[in-house]
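The chain is numbered in sequence order, starting from 1. All of these numbers come straight from a predicted model, not from anything done at the bench.
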Amino acid sequence: MDCTEAQKTVLLSIADSNKMEEARLHVRTCTKCSGADNSTSLAGVIQEVSRRADRSFKGRLALAMLGIVQIVLALPWLFGSSPLWNSSAGTDSSHLSRDGAIGIMFGLAAISVARSPRLAVFALPITLIMLLLQAITGIFDDSQGHVHGNFESVHIISAVISIGIAILARPKRLKQQIPNHLKAL
């Protein structure tokens with residue numbers, strides 16, 4: 001692997017794990033990549049890798065907590081009941097079961113992204129589709145009288161999880177400018 005390819009690979013958000021490891025090894029051991037004559041290039045690469053990897057611990061913890069809350073709420077829904085809402089008060093068990101399955105997926109996505117923020121890029125489209133699905137089915141079930149409106153307010157947690165994942169999917173801003181020779185990479 002040559003220096004240019006190694007530096008480009010290290011800067012990728014998504015790459016084959018074997019190729020990424022080979023690129024990291026090259027950047028660490030190559031005299032041209034890590035030598036004194038190219039220290040600005042190495043510093044730029046290290047800064048970019050750090051920028052992509054470092055995420056707010058508090059934000060990730062909040063996302064994980066939301067995921068846990070979502071799973072705790074959604075587990076009973078899978079079986080057509082709700083400990084916090086009286087399911088006989090207008091919410092059909094089929095609606096609860098569907099919301100339970102979607103809620104479990106939201107919770108697992110939140111915990112996975114909190115644990116490994118690089119997964120946010122993959123989880124974002126899925127959570128947005130699930131959010132849209134919840135909205136459409138909620139409106140339909142409301143028109144059919146299968147759900148009461150107060151129950152639907154619990155889906156705010158899903159929306160907040162989607163927003164948190166979107167924040168983690170967005171690349172962080174640089175504190176310093178990338179040197180011109182790295183912009184071409």
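- There is no path of hydrophobic side-chain contacts, each under 4.5 Å, that joins L168 to I163.
- Inter-residue side-chain proximity for N18 and E21 is flagged as unmet; no heavy-atom pair is nearer than 4.5 Å.
- A continuous path of Ile, Leu, Val, Met, Phe, Trp and Tyr side chains, each step under 4.5 Å between heavy atoms, connects L128 with M130, placing both in one hydrophobic cluster.
- Two residues are said to be in side-chain contact when any heavy atoms from C-beta on lie closer than 4.5 Å; H155 and I102 fail this criterion.
- When every heavy atom of A6 is checked against every heavy atom of A23, the shortest pair comes out as O-CB, 3.6 Å.
- To the nearest 0.5 Å, atom OG1 of residue T137 and atom CG of residue L133 are 5.0 Å apart.
- No side-chain heavy atom of F122 sits less than 4.5 Å from a side-chain heavy atom of I126.
- Although no hydrogens or angles enter the test, the distance criterion places no donor-acceptor pair under 3.5 Å between the side chain of R60 and the main chain of P117.
- With hydrogens and angles disregarded, a donor-acceptor distance shorter than 3.5 Å links the side chain of T127 to the backbone of L124.
- Hydrophobic clustering (side-chain heavy atoms under 4.5 Å, transitive across Ile, Leu, Val, Met, Phe, Trp, Tyr) keeps M105 apart from I129.
- Between I157 and L66 the shortest heavy-atom distance is CG2-O, 4.1 Å.
- For E5, the salt bridge (charged side-chain N to carboxylate O under 4.0 Å, His left out) partners two or more places apart in sequence, or in a different chain, are K19.
- Closest approach of L119 to S112, counting heavy atoms only: CD1-O, 3.9 Å.
- No side-chain heavy atom of S97 sits less than 4.5 Å from a side-chain heavy atom of L78.
- A continuous path of hydrophobic side-chain contacts links I156 to L73 [ILVMFWY only; heavy atoms under 4.5 Å].
- Between L131 and F106, some side-chain heavy-atom pair lies under the 4.5 Å cut-off.
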Check step by step if side chain to side chain contact (heavy atoms under 4.5 Å, CB included) holds for S158 and Q134.
-> CA-CA 9 Å; S158 302; Q134 269 187 331; 3.4 Å; yes

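- Residues I165 and V121 share a single hydrophobic cluster, defined by chaining ILVMFWY side chains whose heavy atoms lie under 4.5 Å apart.
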Applying side chain to side chain contact (heavy atoms under 4.5 Å, CB included), run through I71 and I111 and close with a yes or a no.
-> CA-CA 10 Å; I71 289 173; I111 292 169; 3.7 Å; yes

